[in-house]
Amino acid sequence: MPPSTATASPPAIAAADRDSRHAAIALGATLPGDTVLYLLLPMYGAVFGVTLAETGLLLAANRLVRIAGYGWVARFYARHGDRPTCTLAVVAAAFCALGYATLSGFWALLPLRLVWGLCFAALNLATQALATAEPRGAALRSGRSRAFIALGPVLALPAGAVLAQAAGPRPIFALLAIVALGGLFAARRLPSVPHPTLGQSRPRPRRPNALDTWSFLEGFTLDGLFIIGLSFLGKDLQAGGAVVVAGVLLAMRYGAEIVLSPLGGRMAQRWGAERLLVVLSLVTAIALLGFGAGWLWSCAAAIVVLRALQLPLLAPIVAHRHPGPGRVQALAARSVWRDIGAGAGPLVAGLVLPMVAPLWVYGAAALLLALAALACGRGAAPGPVR
């Protein structure tokens, strides 16, 4: 255990808990505009004036811009601090949701997706940085943060599906713009102190390490191959494919984060985040193999549970391995690798699933994820990550 962990004062821990909670609430208030768009844009593309191919590009654009823009966002965060950065991101995210309610066409919607990508990068970076600002209790704090973030989507997705079925897909985004502005109440309570030491060094291109590889493969498998495969392989098992059913299923994915991410944080607090990451990733690999073998719904449920348990683990591991000012840049780097994987996963799934047996596709993905997790365990820093 690092020395600062043992000497942390109760006021410092309470401040870290409070700030982490407020940042998570700000992100949770703005995130529904994006998650509901993922639900409605493929189903109502004609209403938004876009083709199916343009829909795919729009839904990928926010991840692509984060790959290029995370470094810029990290430097802006370092210069201006949490309160100004998150306030700007919340306001911009509200305008994006309002744009979804009023604008049509690919070229009108594309700037909104790019802006939202940078907004998410800023808010996500703040939630991770604040959750790990105080080493003691970082894993538990990260788990609670994930629960607050998931609360917005888990409420908005079923409501958006029902409203879209009754009144079309546009009105829900006007309401979500108002909800996003509600995140200002949390953003304005964040600390406003800049982090000048965080922007002193610029990240340089380098070969991915074990955590980079694991982040890429987790995004590739759990946010890419799994989500697309669930729709592709399950299309004949769920007749109709009604928007309400899809909304409820997506909401359940976020609901698992609310219930289980804090549990994952507590488990990491007890057994160590690195050890738990390896164990859960290996079990996830087994579930992926079963998913490809045809046990679709049972293994899908297991993957949802395991994903929620793993979400709070990466931030405290990164903070433990990169103490000091390098922490925020390291967190941003892992987010970039996850975005690359999550962007590549759907593209690969769309190409190979119609041509290759699912057992081979998900068996290969399971093997790669298991190997990456074992590499993370071998590269663990000395001392437990709590």
Side-chain angles (χ1 to χ4, degrees), residues 26-74 76 85-86 88-126 149 152-153 156-157 160-161 164 168-181 183 219 223-224 227-228 231 246-247 250 254 332 335-347 349-350:
L27 178 53
T30 58
L31 189 57
D34 179 65
T35 55
V36 173
L37 190 71
Y38 267 87
L39 170 67
L40 298 182
L41 191 60
M43 296 184 179
Y44 295 94
V47 177
F48 292 93
V50 295
T51 65
L52 185 59
E54 290 171 338
T55 294
L57 289 173
L58 287 171
L59 294 180
N62 63 305
R63 292 188 182 275
L64 296 176
V65 75
R66 291 205 297 270
I67 294 170
Y70 245 124
W72 179 86
V73 169
F76 184 93
T85 301
C86 292
L88 178 60
V90 166
V91 172
F95 275 106
C96 290
L98 187 61
Y100 303 151
T102 56
L103 300 179
S104 296
F106 176 79
W107 294 109
L109 295 174
L110 181 60
L112 302 177
R113 298 299 294 155
L114 297 177
V115 169
W116 161 249
L118 296 177
C119 293
F120 178 86
L123 290 164
N124 187 52
L125 187 57
I149 293 168
L157 281 163
R170 298 283 197 173
I172 183 61
F173 291 106
L175 295 177
L176 292 179
I178 298 173
V179 172
L181 286 176
D223 293 338
I227 297 300
I228 300 301
S231 175
L250 284 176
Y254 287 96
S335 296
V336 169
W337 280 108
R338 185 184 180 109
D339 282 335
I340 295 173
L347 297 177

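Just so you know, these numbers come straight off a predicted model, no measurement behind them. Heavy-atom basis, side chains included; hydrogens, waters and symmetry copies ignored.
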Shortest non-hydrogen contact between [X] and [Y], atoms and distance:
X      : Y      : answer
Pro169 : Ala164 : CA-CB, 4.1 Å
Leu118 : Gly69  : CD2-CA, 4.2 Å
Ala92  : Val115 : CB-CG1, 4.0 Å
Leu103 : Leu109 : O-CD2, 3.9 Å
Ala108 : Pro111 : O-CD, 3.5 Å

Euclidean distance, [Y] [atom2] relative to [X] [atom1], rounded to 0.5 Å:
X      : Y      : atom1 : atom2 : answer
Phe48  : Leu37  : CZ    : CG    : 6.0 Å
Asp34  : Leu112 : CG    : CG    : 12.0 Å
Thr30  : Leu123 : OG1   : CG    : 5.0 Å
Phe120 : Arg63  : CZ    : CZ    : 7.5 Å
Asn124 : Arg66  : CG    : CZ    : 7.5 Å
Leu27  : Cys119 : CG    : SG    : 10.5 Å

Does the side chain of [Y] come within less than 4.5 Å of [X]'s, by heavy atoms?
X      : Y      : value
Leu125 : Thr85  : no
Val36  : Leu157 : yes
Trp107 : Leu110 : yes
Tyr44  : Val50  : no

Expected list for residues 93-102: side-chain donor-acceptor pairs under 3.5 angstrom, two or more places apart:
from: Tyr100; atom 1: OH; to: Arg113; atom 2: NH1; distance (Å): 3.0
from: Thr102; atom 1: OG1; to: Leu98; atom 2: O; distance (Å): 3.0

Checklist line | Residues forming a salt bridge (Lys or Arg N to Asp or Glu O under 4.0 Å) with Arg338, sequence neighbours excluded | finding: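 Glu218, Asp223.
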